[in-house]
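See structure below.
We count ligands from 1, going down the list as the structure has it; atoms in each ligand are counted the same way.
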Amino acid sequence: MRKIVTVVGARPQFIKAATLSRQFPTVGVEEIIIHTGQHFDNNMSDVFFEEMEIPRPAYHLDIHNLTHGAMTGRMLEGIEKILLKEKPDGMLVYGDTNSTLAGALAAVKLNIPVIHVEAGLRSFNMEMPEEINRTLTDRISSLLFCPTDVAVQNLKREGFEHFPARIIKNGDVMQDAALYYASKAEEKSDILQKIGGEKFVLATIHRQENTDHPEKLRNIVEGLNQIHRQVRVIVPLHPRTRKILQQLSIIPNFTIIEPVGYFDMIVLEKSCELIITDSGGVQKEAFFFGKHCITLREQTEWIELVENGFNILVGSDVEKLLQAFATFQNKKSDFSIDLYGNGHAAEKAAKDIAAF
Ligand code: UDP
């Protein structure tokens, strides 16, 4: 494979793409990046390109703030036009957003092989937009890079061994990013000076399964308010969540800050007491930086974190959240187990992509 087109659009994809983009010149792959525009604010997009030195996208589709169908449809149309012009040998997509599905679908319809990084993950909850996107993307991919054994097993259970697709367990590229950027982050970030020296719990909330259910969102805010009375809770708040809290007139007591760049986020994760989140990526980063995590969801795709006692799933139940918080306050864990490949996932994937 010589020339690939990569589609990114949302914050976690910039972080994942940074790891592979850095590898491609070393294996002789030319990469052309399309940014769909799904995330567009400076602090949700540009900051990641700058800090992580991701090559500038050759194309920017500027598609955002639309319903799922309209957004995916317009992306599909925009990406197809670019593919017809660029004629790449492969399409690289990451994770589980509308941009992932649109990129994969546009390519496969033109018989361009699709490469999916973060394949095989399942929450088994088809009400989640992410589950729909990742399941469909996997099915139309030719090269499936799985971060974990569980992801490989999921694909096998769904019959993927009988499809014309290659399954490769390469590890988790987000661990590559966390390890590579950790010391740079320490050097560059001044977030701890900005927030002050107190002990704190770090929390994030943005998943539609929470933000689009007022009752769940109220419960989560109530739980975080209660924890905040014991230890300061800091939430870099996703713009969608901020908007919905305003619409519902929910006024949290905990400390809200603007979404932060990756370097600040790493430093917050390394310095906090504990992490509470509904994010997929942040659950793993908690583990990478040796922190326990309480997950504000009923399921997780990163089940090995729960099985090894690093993560507790509480959904939006206030009592369970407080119980998990109490459990982790007295718990010490050894985080040295290798669950995600210890930082070599992108290197391996880039070599396999070059040879494909
Ligand atoms: N992140 C960040 N700044 C923030 C919140 C999150 O840089 O204010 C990073 C976080 O460190 C992780 C990624 O964004 O690498 C996770 O993305 P997000 O939670 O948006 O999506 P998910 O992982 O749930 O798909």
Give the numbers and elements of all ligand 1 atoms closer than 4.0 Å to a heavy atom of Gly261.
7 (O)

Quick test: of every protein heavy atom, which one is nearest to atom 23 (O) of ligand 1, and how far off is it to 0.1 Å?
Gly281 N, 2.7 Å

Considering only protein heavy atoms, which is closest to atom 9 (C) of ligand 1, and at what distance to one decimal place?
Ile15 CD1, 3.7 Å

In the protein, which heavy atom is nearest to atom 15 (O) of ligand 1, and how far is it?
Glu285 OE2, 2.5 Å

Below 4.0 Å from any atom of ligand 1, is there a heavy atom belonging to Glu130?
no

So, Lys85 versus Tyr59: side-chain donor-acceptor pair below 3.5 Å or not?
yes

Just distances here: any N/O of Asp96 and N/O of ligand 1 closer than 3.5 Å?
no

Test side chain to side chain donor-acceptor pair (under 3.5 Å) on Thr204 and Thr277; report intermediate values, then the result.
CA-CA 5 Å; Thr204 73; Thr277 191; 2.5 Å; yes

Test your reading of the structure: does Gly280 have an N or O sitting under 3.5 Å from an N or O of ligand 1?
yes

Considering only protein heavy atoms, which is closest to atom 4 (C) of ligand 1, and at what distance to one decimal place?
Arg11 NH1, 3.2 Å

The atoms of ligand 1 lying under 4.0 Å from a heavy atom of Pro259, numbered in the order shown, are 8 (O)

Do any nitrogen or oxygen atoms of His238 lie less than 3.5 angstrom from nitrogen or oxygen atoms of ligand 1?
no

Hey, does Pro236 come in under 3.5 Å of ligand 1, counting only N/O atoms on both sides?
no

Using the rule given for side-chain contact (heavy atoms from CB on, under 4.5 Å), can you reason through Ser21 versus Thr6, listing the C-alpha separation, both sets of side-chain angles and the distance that settles it, and then say yes or no?
CA-CA 9 Å; Ser21 293; Thr6 298; 5.9 Å; no

Ligand 1 contact on Glu269 by region, counting heavy-atom pairs under 4.0 Å:
side chain

Would you kindly specify which portion of Val260 sits under 4.0 Å from ligand 1, judged on non-hydrogen atoms: side chain, backbone, both or neither?
both

His39 and ring-ring contact (aromatic ring centres under 6.0 Å, His included): which partner among His206, His64, His238?
His238

Tell me whether Asp176 contacts the main-chain N or O of Ala346 through its side chain, where contact means a donor paired with an acceptor under 3.5 Å.
yes

Interatomic spacing from CZ in Arg240 to CD1 in Ile244 - rounded to 0.5 Å
6.5 Å

Classify the ring geometry between Phe254 and His228 as parallel (under 30°), tilted (30 to 60°) or perpendicular (over 60°).
perpendicular

List ligand 1 atoms under 4.0 Å from Ser279, heavy atoms only on the residue side.
16 (C), 18 (P), 19 (O), 22 (P), 23 (O), 24 (O)

Can the ring centres of Tyr340 and Phe287 be said to be less than 6.0 Å apart?
yes

Which word best sums up how the rings of His35 and His60 line up, parallel for under 30°, tilted for 30 to 60°, or perpendicular for over 60°?
parallel

Does one side chain, of Gln283 or Asn311, offer a donor that lies under 3.5 Å from an acceptor on the other?
yes

Quick one: which ligand 1 atoms are inside 4.0 Å of a heavy atom on Arg207?
22 (P), 24 (O), 25 (O)

Does ligand 1 have an atom under 4.0 Å from some heavy atom of Met174?
yes

